[in-house]
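Scroll down for the structure; my scribbles are underneath it.
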Amino acid sequence: MKKGDHLFLVDGSGYIFRAYHALPPLNRKSDGLPTSAVLGFCNMVWKLMQDARNTSVGIAPTHFAVIFDYSSKTFRSDLYPEYKANRSAPPEDLIPQFGLIRQATVAFNLPCIEMEGFEADDIIATYCRLACEAGGDTTIVSSDKDLMQLVGPTVRMYDPMKDRRISIPEVIEKWGVPPEKMIDLQALTGDSIDNVPGVPGIGPKTAAQLLEQFGDLDGLLARASEIKQDKRRESIIANADKARISRELVTLKNDVPLKEGLDDLILHAADGPKLIGFLKTMEFTTLTRRVAEATGTDIGDVQAAPVTIERADTAHGPDVGAGAPPAAAAAGDAAKPAQPPVRAEDTPPQGDTPSLLSALRLEKAAALKIDPSAYTAIRDAAALKAWIAEVNEAGILALEAETTSSDPMKAELIGLSMAVAPGRAVYLPLAHKNGNGDLLGGGLLADQVPVREALALLKPVLEDRAVLKIVQDMKYDIVVMSRHGIEVAPFDDTMLISYVLDAGTSGGHDLASLSEKWLGHAPASKKELAGSGKSAVGFDQVDIERATAYAGEQADLALRLWQLLKPRLAAKGLVSVYERLERPLVPVLARMEQRGISVDRQILSRLSGELAQGAARVEEEIYGIVGERINIGSPKQLGDILFGKMGLPGGSKTRTGQWSTSAQLLEDLAAEGHELPRKIVDWRQLTKLKSTYTDALPGFINPATNRVHTSYALAATTTGRLSSSDPNLQNIPVRTAEGRKIRTAFIAEKGHKLVSADYSQIELRVLAHVAEIPQLKQAFADGADIHAITASEMFNVPVAGMPSEVRRRAKAINFGIIYGISAFGLANQLSIPREEASAYIKRYFERFPGIRDYIEETKAYARENGFVETIFGRRIHYPEIRSSNPSIRAFNERASINARLQGTAADIIRRAMVHMEEALEKAKLSARMLLQVHDELIFETVEAEVEATIPVVRRVMENAPMPAVSMSVPLHVDARAADNWDEAH
DNA sequence: ACAGAAGCTTA
DNA sequence: GTAAGCTTCTGTT
């Protein structure tokens with residue numbers, strides 16, 4: 001090897017696992033032999049040999065080798081017996097592929113290198129050193145962090161699956177340290193997969209910071225006492241030995257006694273017939289053809305070459321432990337019948353009745369073929385004007401905003417897709433960029449109508465009362481468009497129509513699910529267009545042609561679904577649910593989300609500090625009792641310590657066979673006098689509050705508005721409730737004093753107050769109304785203590801002077817009814833024997849026979865119809881209510897009992913929200929709704945109007961069922977104002 | 001990277 | 001016993 005030569009080292013073992021998991025399963029057609037990893041490997045090697053210049057590598061190889069692990073037993077196991085000890089056997093269908101990939105390597109005319117007692121990584125390290133000494137360059141084909149220590153001026157890595165080059169800057173970017181410090185970093189962080197211990201509590205971020213500060217691991221260990229953070233310092237001092245042994249484990253050996261020298265790795269031209277013979281045997285038709293073309297071989301001249309297929313018990317692939325089960329299907333076995341093809345065909349839409357099926361067929365016959373290539377892009381103002389004329393003619397317009405973010409408060413508008421009839425869709429690109437953009441908005445692609453001009457042209461149509469806009473998930477588009485000064489109306493929302501028709505049936509209400517369900521068509525996914533996870537790009541980076549096909553289809557599908565679904569609302573008597581409870585709530589919620597709520601950063605930061613201190617203190621106490629520094633956050637480790645090492649009693653197992661460490665169980669142990677469980681419960685509370693709330697919330701403060709904007713989902717629950725996410729503001733702590741402090745951070749603007757108004761016992765009131773229970777109705781009419789009345793009825797004790805325990809039990813039963821009571825659940829809740837719980841329920845039904853009737857009637861109705869209804873007519877489906885499995889059936893029965901109550905309560909507050917804005921406006925009040933938490937509404941209002949606002953809010957909420965339904969039980973709303981949410985609640 | 005389990009928060 | 005969403009850990013990369 002000489003200067004200018006280039007050595008490629010492929011980490012064969014690493015690639016096998018990655019390819020196996022990343023690629024869809026693939027089986028040889030003739031006999032089902034699994035081959036996805038083999039094909040991935042062959043494609044990758046072929047590509048590297050053909051066009052390394054065209055990939056991120058940029059250089060063609062002169063030397064090439066594929067390196068494999070020989071077995072899991074290496075010198076490291078002697079150093080540290082636990083090393084890689086918890087590796088399990090590879091998946092069954094991967095086992096035969098280890099051998100095949102070695103044979104593929106040989107077929108490619110490439111050296112296939114492995115060495116007993118050493119890992120592939122050590123061999124790679126040794127070749128790296130040799131190549132470097134000879135003056136050559138090296139590319140390691142792998143993305144394994146264990147190899148990053150080898151990166152240097154002449155050595156880089158290449159990730160073939162992401163086409164990404166990893167050299168010194170990329171290592172620094174990813175890990176915060178240069179390659180030569182990777183060993184020390186790994187020694188500190190450890191590796192749970194390989195069982196490298198590291199130092200507990202030190203992750204990559206901390207490790208990088210420490211190495212920056214102290215130079216290297218030895219420096220750090222020598223001067224560990226200087227570390228300021230108590231816990232960190234002690235952990236490092238206590239675990240110095242672990243760090244040193246970890247360093248030995250992760251340091252790659254670069255003096256492996258190799259059989260093949262660098263000259264043995266010189267790359268030879270592919271032997272066409274030999275390679276094609278192998279590929280033919282594997283039945284890789286596309287690759288076979290490509291290789292044949294490139295090598296000038298006639299495929300017909302080549303016979304498929306025999307291959308050897310190893311069974312698990314003979315293969316010496318890495319990590320195939322001695323205890324690995326033999327592969328069930330040694331795939332070449334001729335006696336085995338061919339397995340079914342693995343790439344499953346699209347399943348046809350499911351209908352549950354013959355009439356639905358036939359209706360489906362009719363519609364599908366009527367539906368035009370969906371052809372994304374037929375959509376066009378609007379590239380100038382003249383075309384846009386022509387399109388607008390077409391829209392006015394049609395009177396309907398399906399619409400979707402294409403943006404850069406799923407958060408509508410941050411999303412930049414990139415384009416609009418529009419459709420006026422099935423198959424007649426266009427895409428209007430507005431802000432697609434070429435990737436070379438600068439801060440001044442350069443990089444904008446040519447031939448796009450300027451945003452301002454386009455929106456000015458579109459605004460009249462989008463706001464035209466005579467043009468119905470059809471949108472899938474309108475709330476998102478309302479927020480985005482209103483940020484551009486356009487109030488889109490009127491509209492229909494296909495997601496909400498589906499939700500009203502089909503809440504509770506399987507499948508979501510998103511466009512892709514609806515398209516598959518009703519049109520039998522899987523739309524192009526955004527993932528395919530823009531990638532996913534870290535490598536995702538903004539929609540502005542998608543080229544306009546591909547964006548047109550994708551976006552046009554979205555609008556086309558929304559339009560077709562609307563045509564299909566809208567008539568069904570009337571057919572099923574659900575128009576008023578849609579028009580009164582769903583559609584009008586959309587703009588209301590859009591405004592609430594846009595307003596957001598003010599959150600005090602300083603309060604949260606102070607709380608975070610307090611919680612951190614508290615948690616650290618409890619943590620030390622726990623370590624003191626346990627005697628080692630376990631990860632308290634790991635239920636697995638915790639279970640082992642509590643019930644194994646410390647031998648605490650009881651302990652049930654979860655369904656995965658782990659010890660249960662639930663709060664309930666730990667509380668019980670604490671009650672028996674054990675001190676450790678109490679501390680664990682405390683620790684969990686502190687860390688939960690910190691991670692979920694005080695640490696996370698500041699990250700949701702929108703820099704532009706300085707407020708937190710949650711997102712409400714209208715179609716996420718089965719019962720009609722809303723849900724809140726990003727952040728979820730419907731589960732902010734309230735039960736404990738510690739938790740409630742978080743609510744003090746939710747504050748009113750200066751000169752304003754927060755008003756909180758919540759329904760009292762709304763679900764029990766609904767129960768009293770629908771089940772017509774005289775005693776409960778009377779109690780609510782009298783404004784009495786409902787749980788005390790229940791207890792008094794059941795146990796014949798007077799309300800005055802009632803022991804709190806008696807009332808508590810009655811309260812649990814009342815809640816139990818709402819949840820579709822079971823003796824098992826009640827017994828759990830009250831920590832009493834199941835027989836006793838049964839007796840309570842029996843007694844309850846004797847005193848309130850109307851409730852038993854209500855329950856039985858609900859079950860019978862659900863069984864008969866497959867759904868239940870709220871008093872406003874909302875339908876909630878329970879397709880499994882007739883299941884032959886008793887536990888599934890019972891679950892559906894309980895859920896349906898609950899759904900009538902929870903759903904009715906949800907409908908009531910929806911109606912209140914729909915009526916609220918108009919009532920406030922009429923009363924000339926400036927109060928604004930900010931949040932909804934199922935039975936509570938939170939407003940912000942100027943201080944001077946607080947007193948006038950509360951009665952209006954209360955009136956709207958208490959009268960919300962009217963005039964649709966007149967309830968026989970009064971609703972009661974408590975409301976108060978304060979500077980923060982804690983005091984207002 | 002991502003999925004699932006466990007655990008915890010709310011009404 | 002009902003209805004949700006988020007974080008951490010774990011186990012496959």
Side-chain angles (χ1 to χ4, degrees), chain A residues 14-23 86-88 90-91 94 143-145 161-162 192-193 532-536 631-639 654-666 680-681 684-685 687-693 695-697 710-713 716-736 739 742-743 758-759 761-763 812-813 815-830 837 841 876 890-903 905-906 909 932-936:
Chain A
Y15 188 82
I16 292 172
F17 281 97
R18 231 170 133 220
Y20 174 79
H21 288 282
L23 300 172
N86 58 4
R87 284 242 169 153
S88 51
L94 181 55
S143 59
D144 192 337
K145 73 167 186 313
M161 301 186 75
K162 292 199 181 134
S192 60
I193 293 161
S532 67
K534 230 178 172 178
S535 55
N631 182 350
I632 308 169
S634 160
K636 188 168 144 49
Q637 292 184 31
L638 209 53
T654 65
R655 70 186 131 143
T656 52
Q658 288 295 321
W659 291 108
S660 166
T661 65
S662 67
Q664 177 64 59
L665 195 142
L666 296 179
I680 292 166
V681 170
R684 279 189 184 159
Q685 191 203 4
T687 52
K688 172 79 179 176
L689 293 176
K690 183 169 187 291
S691 66
T692 309
Y693 302 105
D695 286 353
L697 278 171
T710 184
S711 172
Y712 286 107
T717 71
T718 48
T719 55
R721 276 192 175 178
L722 304 179
S723 77
S724 156
S725 63
D726 309 297
N728 181 354
L729 295 185
Q730 292 181 324
N731 72 348
I732 302 301
V734 72
R735 239 179 54 255
T736 65
I742 290 162
R743 292 196 169 212
D758 66 290
Y759 286 106
Q761 313 281 15
I762 187 166
E763 286 173 5
I813 295 172
F815 274 97
I817 299 296
I818 293 168
Y819 297 153
I821 198 150
S822 78
F824 180 84
L826 184 64
N828 256 346
Q829 178 65 31
L830 288 174
I841 295 170
I876 300 133
F891 176 80
N892 278 271
E893 288 171 355
R894 290 194 299 272
S896 60
I897 292 161
N898 171 257
R900 284 180 75 185
L901 308 174
Q902 191 185 107
I909 196 165
Q932 189 250 42
V933 192
H934 308 307
D935 65 359
E936 177 187 15

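One can place CZ of A:Phe17 at 13 Å from C1' of C:dG11, the figure rounded to the nearest angstrom. Across the protein-nucleic acid pair, A:Ile897 atom CD1 and C:dA3 atom P stand 12 Å apart, rounded to whole Å. Straight-line distance from the NZ atom of A:Lys688 to the P atom of C:dC9: 13 Å, rounded to whole Å. Between A:Ile876 atom CD1 and C:dA4 atom P there is a gap of 11 Å when expressed in whole angstrom units. In this structure, A:Lys690 places its NZ atom 19 Å from P of C:dC6, rounding to the nearest Å. A:Glu936 has its CD atom 22 Å from the P atom of C:dA3, to the nearest Å. Taking atom CD of residue A:Glu763 and atom P of nucleotide C:dG1, one finds them 18 Å apart after rounding to whole Å. Taking atom CD of A:Gln658 as the reference point, atom C1' of B:dA5 lies 10 Å away to the nearest angstrom.
For A:Gln730 and B:dT10, a side-chain-to-base donor-acceptor distance below 3.5 Å is absent, hydrogens and geometry of angles not being considered.
Listed nucleotides B:dG7, C:dT10, B:dA11 differ in distance to A:Asn631; the shortest reach to its side chain belongs to C:dT10. Considering only side-chain atoms of A:Pro733, the nucleotide from C:dA4, B:dT10, C:dC6 that sits closest is B:dT10. Of the candidate nucleotides C:dT7, C:dT13, B:dT10, C:dT7 has the atom lying nearest to any side-chain atom of A:Ala696. Among the nucleotides C:dA3, B:dA6, C:dG5, the one closest to the side chain of A:Pro635 is B:dA6. Of the candidates B:dA11, C:dA3, C:dT7, the closest approach to any side-chain atom of A:Thr719 belongs to C:dA3. Side-chain proximity of A:Arg684 to B:dC8, C:dA3, C:dT10: nearest is B:dC8. In the set C:dG11, C:dC6, B:dG7, the nucleotide with an atom closest to the side chain of A:Asn728 is C:dC6. Candidate nucleotides B:dA11, C:dT10, C:dA4 were compared by shortest atom distance to the side chain of A:Thr718, and C:dA4 ranks first. Taking the side chain of A:Ala895 as heavy atoms from C-beta on, and the options C:dG1, C:dA3, C:dT7, the nearest nucleotide is C:dA3. For A:Thr717, the listed nucleotide lying nearest its side chain is C:dA3; candidates were C:dA3, B:dA11, C:dG11.
A:Ala812 comes within 4.0 angstrom of a nucleotide base, judged by non-hydrogen atoms across all strands. Across all strands shown, A:Ala906 has no heavy atoms under 4.0 Å from either base or sugar-phosphate atoms. Among the heavy atoms of the strands lying under 4.0 Å from A:Gly816 is at least one base atom, whether or not backbone atoms are also near. Heavy atoms of A:Tyr693 sit under 4.0 angstrom from primed sugar atoms or phosphate atoms, though from no base atom. No contact: A:Ile818 has no heavy atom under 4.0 Å from any strand. Among the heavy atoms of the strands lying under 4.0 Å from A:Thr692 are primed sugar atoms or P, OP1, OP2 only; no base atom is included. No contact: A:Thr687 has no heavy atom under 4.0 Å from any strand. Nucleic acid contact for A:Ile817: none, since no nucleic acid atom lies under 4.0 Å from a heavy atom of the residue.
Contact annotation: A:Arg721 does not reach the phosphate of B:dA11 (side-chain N/O to OP1 or OP2, under 4.0 Å). Listed pair A:Ser691 / C:dC6 fails the phosphate criterion, with no side-chain N or O lying under 4.0 Å from OP1 or OP2. Dashed line: the shortest gap from a side-chain N or O of A:Ser634 to OP1 or OP2 of C:dT10 is under 4.0 Å. Here A:Arg894 does not reach the OP1 or OP2 of C:dG1: none of its side-chain N or O atoms lies under 4.0 Å away. Under 4.0 angstrom from either OP1 or OP2 of C:dT10 there lies at least one side-chain N or O belonging to A:Gln637. Here A:Asn731 does not reach the OP1 or OP2 of C:dC6: none of its side-chain N or O atoms lies under 4.0 Å away.
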_Residue pair A:Leu638, A:Trp659: steps toward the side-chain contact (heavy atoms from CB on, under 4.5 Å) verdict_ = CA-CA 9 Å; A:Leu638 209 53; A:Trp659 291 108; over 6 Å; no

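In this structure, CD1 in A:Ile841 is found 5.0 Å from CG in A:Leu826, a value given to the nearest 0.5 Å. Annotation: the span from A:Asn898 atom CG to A:Ile817 atom CD1 amounts to 11.5 Å, rounded to 0.5 Å. Within the model, atoms OG1 of A:Thr692 and CG of A:Asn731 stand 8.0 Å from one another, a figure rounded to the nearest 0.5 Å. Taken from OH in A:Tyr819 to CD in A:Gln902, the straight-line distance is 8.5 Å, to the nearest 0.5 Å. With rounding to the nearest 0.5 angstrom, the CZ atom of A:Arg894 is 11.0 Å from the CD1 atom of A:Ile821. Taking CG of A:Leu729 as the reference point, atom OG1 of A:Thr710 lies at 4.5 Å (rounded to 0.5 Å).
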